[in-house]
Amino acid sequence: MVSRNGRRRAEVTAAPEGIGLVLRDGDGDPAHFAGYLSDMLLCSAGRPWRLSKAGPEAVQISQEADAIQISGTVQSLSFTLKLAFDPRGLLGLHVIWENRTDRTLRDMAVGLLFELPGREGEKVTIPHMIYNNNPSSDPTRAVPRLGEGPGKGFICEEHRLPIPCVNVEWTDGHNGEERFLSLFSLPSYFELEDGSVQYGSLGAIRDEHRLTLAALSGVLMFNGEKDMICIAKNKTERYHGGYTDFSPGFALTKEYALDWGQVARPGQGFREIVRKGLELYAPEGARPLSLDEMIRLKTNALDDRWRTDCCGAAGYVKFSDSNDFGNVSKHPLHFMYGWTGQCLKLAWCDAKLGFETGLEERVLRCRQAADFYVRESRTGVPGLRHGVYRLGEGRWDGFSWNKQPSVSSRALGETIADLAEIVLLFRRHSRDLPAAWIEAVRESADFFLGAALPSGVYPAAWLPEGRPAEEMITAAGLPCLIAVAKAYRVTGESRYLQHAEAVMRRYYELHAETFDRPFARSTLDAKCEDKEAGMYFFLAAYELFLLTSETRYRDWAEIAADWLLTFVYMWNPAYDRGSKFRDEAFRAAGWPGVSVQNHHLDVFFPTFELWRFGRLTGSAQYERLGQMMLYAMGQGICTKPGEWNFTVAGEQGEGFFQTNWNHRGHSNRWNPSWVVALVLQNALRFRDAAETTNEEREMTA
């Protein structure tokens, strides 16, 4: 029997060796998947669950129009599997597991398995969890990996996945085509007596000669260990959930979708996840606050972070001591530049608000903050600057790399890029500029010009004397490239643009050309593949596209944008009864995760740049998502004392816990200043763009 959608075919055959399923992309096309039903149905009783395969019995196959239905029994359970293409060209799988006996079947695990032979160029993507098996992750840390060996793999809760999908790509041995197969789940849950919700699970198991995509009823596997989950940064524990008791008459229904086809370039199978995921889940984010409300609230939090001292220090503290619980970090008040501090990004926001409202006090605060940094943050190496200032002690220090004092390339690059943006902002408003600001941008850009590794990219950090802290190839130093490109904007000196383009080429070749080495190690407390590494590749390509209009930078920005979107939730998990998220109707759609180590949500994302890139290139998808994401991040902002455990309006926690990582259904009070800076800067630029658009409409009218 055959179900068709255009060229696509799903063939179900009955032969002496069993019931077979074959997926093709046209008549005579080599199969993307071929397997027998006896190998596809998992039914396990007892703990720990087993990859036991029992041949189905009393099988019946029927076809109505293009829908094929297979039913029968496996061990003590009855099953019905219906296959039918949907309008998007995805093959829908509707499966029902039912207990038709008169006894309760306890601790059951059921599901579907799709076994694929090991093939050349194989790459597995599980959004937010596994990118080509996370080759840059620290092997000593608890980071998802596919286990090696019989029955070893990684299987996690559906709600741990922004796009509930497992994707595998490979090179076809017959014609050399890049091919892919994606297994999507349409997440569903049932509520247990204690009010907790149980979802299904997804993952993959890699044996020596095969890869198995697994869609199960909730049981888990972490790095080859069954019933184990990652519950916090570098921390795992035994998991007792995921099993299902089938009482007489109880039926468990699950829906999945399969997608397959060709990949345009090696390593880009993840883009198919995003394309089909957007169609399948049609995400709509929450919109609890207007743009003006977000700006008003975040401005209040900005004002609370402003500090000066008698020695001329001026800036915005990383943690405030104004909330009832005090300084949540317990560290003395300090400024941090870049990374989780973003002191100069806050200064930019202050000046932007000052120019908009005519409040010169805000413009002056920006001047003071920039002057202090430029004047006082120098090290013994020109262009290499300290990243932390401790107010109580009146001293500068920096970051730590393998327990050595260091200068983070990410943090320094971010800060110099922000300083360049302050220069450009003052110029747009025809304000006097201290020559020292421009010289500081030039000085650091000159340092970057000579500071690349032999590989052609920047190290993750430099030691105080200017030597690389290590020579591992990572994407951590991409903000330095952005700073050099912005130095070109500030100075007009072509050498900076030429250098930025040359280094960008190396980052592309080392990371994005094949994705053998996905973007990694930008999040400084997590040595792994992370959203922010890809974010800065996107921002670098976006900046060069604005400067040159070259098609390659547009293409590279699109590739990175799609990689980033694998971290963005396209659906809304349900939460346990009594949780904060359930009480507040928190919606995860539009929120990005962090890294393959840190499985929570935060607001660190270039929402404005994604939106503007979409407008510039005619991509309605990016335009819509950028705006949707900004508004979704209005959730969790304290609008009045007492909300979300804050007393200062505008504060917001860094971590929102949508899965069993930390405290599912709740957020934390950890509120470093970047949580103010990122949302406020994006919101201010969105408002600017909206006002410009309105002015253009009025002029046209």
Side-chain angles (χ1 to χ4, degrees), residues 33 35 39 42 48-51 109 111-158 160-171 179-185 200-216 218-230 234 236 239 242 263 266-267 269-270 272-273 514-520 526-530 563 566-567 593 595-599 659 661:
F33 171 79
D39 294 324
L42 180 142
W49 60 277
R50 299 179 305 283
L51 281 168
L112 298 178
L113 304 173
F114 298 86
E115 292 185 356
L116 301 167
R119 288 177 272 202
E120 182 184 347
E122 180 185 278
K123 288 184 177 69
V124 175
T125 301
I126 304 178
H128 202 334
M129 298 295 127
I130 286 180
Y131 297 88
N132 194 28
N133 215 15
N134 304 333
S136 297
S137 291
D138 185 339
T140 67
R141 295 195 180 195
V143 169
R145 294 183 183 86
L146 300 177
E148 295 289 346
K152 301 290 187 180
F154 173 78
I155 298 169
C156 66
E157 316 92 314
E158 289 176 339
R160 205 174 283 252
L161 303 177
I163 309 173
C165 178
V166 182
N167 167 277
V168 58
E169 64 172 277
W170 66 90
T171 304
R179 297 183 154 221
F180 77 92
L181 176 69
S182 296
L183 168 62
F184 292 92
S185 173
S201 49
L202 279 177
I205 297 166
R206 178 180 279 165
D207 294 337
E208 185 178 0
H209 300 296
R210 65 183 175 181
L211 177 78
T212 302
L213 310 188
L216 307 183
V219 291
L220 308 181
M221 178 185 290
F222 186 83
N223 298 4
E225 291 191 63
K226 295 175 183 174
D227 300 335
M228 186 72 70
I229 61 170
C230 183
N234 201 29
T236 60
Y239 181 66
V263 179
F270 65 86
E272 304 301 328
I273 297 176
T514 64
F515 282 91
D516 289 343
R517 183 192 289 111
F519 307 118
K527 297 179 179 180
C528 63
E529 287 65 20
D530 64 84
W563 194 83
T566 66
F567 284 84
S595 70
V596 299
Q597 175 186 270
N598 299 342
H599 304 162
T659 194
W661 195 96

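Since the structure is predicted, the reported quantities are computational estimates derived from the model, not experimental observations. Because only heavy atoms are used, hydrogens play no part in the values below, and waters and symmetry mates are left out as well, while side chains stay in.
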Check whether any side-chain N or O of [X] sits under 3.5 Å from a backbone N or O of [Y] as a donor-acceptor pair, and report yes or no.
X    : Y    : answer
N134 : P518 : no
D530 : A520 : no
W170 : G118 : no
N132 : D516 : yes
E169 : G267 : yes
N167 : T125 : no
D138 : C528 : no
H128 : S595 : yes

### Test side-chain contact (heavy atoms from CB on, under 4.5 Å) applied to V166 and F114, step by step
CA-CA 11 Å; V166 182; F114 298 86; over 6 Å; no

### Query
Aromatic ring centroids of F222 and Y239 under 6.0 Å?
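No, too far apart.
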
### Message
Tell me whether the rings of W563 and F519 are parallel (<30°), tilted (30 to 60°) or perpendicular (>60°).
### Response
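If you compare the ring of W563 with that of F519, the planes turn out perpendicular.
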
### Task
Tell me, with the steps shown, if L113 and L51 meet side-chain contact (heavy atoms from CB on, under 4.5 Å).
CA-CA 9 Å; L113 304 173; L51 281 168; 4.1 Å; yes

Would you name the heavy atoms of [X] and [Y] that are closest together and state the gap between them?
X    : Y    : answer
P150 : D207 : CA-OD1, 3.3 Å
R141 : R145 : O-NH1, 3.4 Å
P162 : P127 : CD-O, 3.6 Å
I205 : G151 : CG2-C, 3.7 Å

Taking atom [atom1] of [X] and atom [atom2] of [Y], what is their separation to the nearest 0.5 Å?
X    : Y    : atom1 : atom2 : result
L161 : F567 : CG    : CZ    : 11.5 Å
R206 : L146 : CZ    : CG    : 5.0 Å
L112 : L42  : CG    : CG    : 9.0 Å
L220 : E157 : CG    : CD    : 5.0 Å
K123 : N133 : NZ    : CG    : 12.0 Å

### Message
I'd like to know whether T566 forms a side-chain contact (heavy atoms from CB on, under 4.5 Å) with Y131, so could you lay out the CA-CA distance, the side-chain angles of the two residues, the decisive distance to 0.1 Å, and finally the verdict.
### Response
CA-CA 10 Å; T566 66; Y131 297 88; 2.8 Å; yes

Within the structure provided, determine whether [X] and [Y] are in side-chain contact (heavy-atom separation under 4.5 Å).
X    : Y    : answer
H599 : M129 : yes
C230 : R160 : yes
N223 : T236 : no

### Task
Could you go through the side-chain contact (heavy atoms from CB on, under 4.5 Å) check for I130 and E529 one step at a time?
CA-CA 9 Å; I130 286 180; E529 287 65 20; over 6 Å; no

### Between S185 and E158: side-chain donor-acceptor atoms closer than 3.5 Å
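Their side chains do contain a donor-acceptor pair, which is all the 3.5 Å distance test asks for.
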
#### Entry: Identified side chain to side chain contact (heavy atoms under 4.5 Å, CB included) partner of L202 from the options L213, L183, I126, I155
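For L202, the side chain to side chain contact (heavy atoms under 4.5 Å, CB included) test succeeds with only one of L213, L183, I126, I155, which is L183.
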
### Message
Less than 4.0 angstrom from a charged side-chain N to a carboxylate O is my criterion; do E122 and R119 meet it?
### Response
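Looking at R119 together with E122, the answer is no, because their closest N to O distance does not fall below 4.0 Å.
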
### Message
My understanding is that only residues two or more places apart in sequence, or in another chain, count here; which of them pass ring pair (Phe, Tyr, Trp, His ring centres under 6.0 Å) with F184?
### Response
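Partners of F184 under the ring pair (Phe, Tyr, Trp, His ring centres under 6.0 Å) test: none.
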
